[in-house]
Amino acid sequence: MKILVLNGPNLNMLGIREPEIYGRQTYRDLEEYVDNVCRENDIEYEMFQTNREGELVDKIQQAYGVFDGIVINPAAYTHTSIAILDAVKAVGIPTVEVHLSKVSEREDFRQISYIRLAAAATITGKGFEGYGEAILWLKENC
Ligand code: DQA
């Protein structure tokens with residue numbers, strides 16, 4: 001099984017950005033966490049972060065025929081991007097939406113999630129563990 005793990009804008013700033021919300025662990029720590037989960041479960045993966053919406057769309061399109069599942073934290077694009085939603089719908093790859101923070105308890109503008117309309121599952125508020133759960137969800141369900 002091959003999983004693509006995508007991360008949107010400002011997630012490269014983990015450890016520095018709003019530590020009271022996102023914690024003190026860095027993006028490098030997240031990469032290590034995902035690497036461990038995938039190794040332990042015999043899963044091939046690629047992990048990618050970008051601050052650009054179009055690059056996320058490109059990565060999703062390129063996943064067609066290559067990856068069996070996608071884990072995506074679109075970050076702020078969750079709340080704005082119809083393009084990312086359409087890309088996930090276009091490729092038809094089972095996709096799990098992940099957020100580090102408990103988005104449902106945050107600002108009103110974070111209550112809209114476009115990606116959720118195409119997501120097979122959504123995991124929020126569990127920090128790094130949410131990525132682990134998403135990867136295992138895909139392993140069990142795809
Ligand atoms: C986030 C939540 C989003 O609202 C925010 O814009 C992010 C991170 C999360 O992981 O909790 O950048 O996706």
On a heavy-atom basis, which atom in [X] and which in [Y] lie closest, and how many Å separate them?
X	Y	value
Ser101	Ile21	CB-CG2, 3.8 Å
Asp68	Pro94	O-CD, 3.5 Å
Asn51	Pro9	OD1-CA, 3.3 Å
Pro74	His99	CD-CE1, 4.1 Å
Asn73	Leu100	ND2-N, 4.1 Å
Ser81	Glu53	OG-OE2, 2.5 Å

If hydrophobic clusters are built by linking Ile, Leu, Val, Met, Phe, Trp and Tyr wherever their side-chain heavy atoms come under 4.5 Å apart, do [X] and [Y] end up in the same one?
X	Y	value
Leu11	Ile135	yes
Tyr33	Val96	yes
Ile93	Leu56	yes
Ile70	Ile115	yes
Val98	Leu136	no

In a table with atom names and distances, give each donor-acceptor pair under 3.5 Å that connects a side chain of residues 118-130 to protein atoms at least two apart or in another chain.
residue	atom	partner	partner atom	Å
Thr122	OG1	Glu97	OE1	2.7
Lys126	NZ	Glu133	OE1	3.2
Lys126	NZ	Glu133	OE2	3.0

side-chain contact (heavy atoms from CB on, under 4.5 Å) against Tyr45, all qualifying residues, sequence neighbours excluded | Val34, Asp35, Cys38, Met47
Rounded to the nearest 0.5 Å, what's the gap from [atom1] on [X] to [atom2] on [Y]? Could you check?
X	Y	atom1	atom2	value
Arg28	Asn12	CZ	CG	14.0 Å
Glu40	Asn36	CD	CG	6.0 Å
Glu107	His79	CD	NE2	8.5 Å
Arg39	Glu44	CZ	CD	12.0 Å

Test item: [X] side-chain N/O and [Y] main-chain N/O as donor-acceptor pair under 3.5 Å:
X	Y	value
Glu18	Gly23	no
Asp29	Thr26	yes
Thr78	Ala75	yes

Non-hydrogen side-chain atoms of Met13 and Tyr22 separated by less than 4.5 Å | no
Residue pair Ile60 / Thr95, side-chain heavy-atom distance below 4.5 Å = no
Side-chain atoms of residues 1-8: list all donor-acceptor pairs with protein atoms under 3.5 Å, sequence neighbours left out, distances to 0.1 Å.
residue	atom	partner	partner atom	Å
Asn7	OD1	Tyr131	OH	2.5
Asn7	ND2	Tyr27	OH	3.3

Would you say Phe48 has more than 12 foreign heavy atoms packed within less than 6.0 Å of its CZ?
-> yes
Does atom CG of Leu117 have more than 12 heavy-atom neighbours from other groups under 6.0 Å away?
-> yes
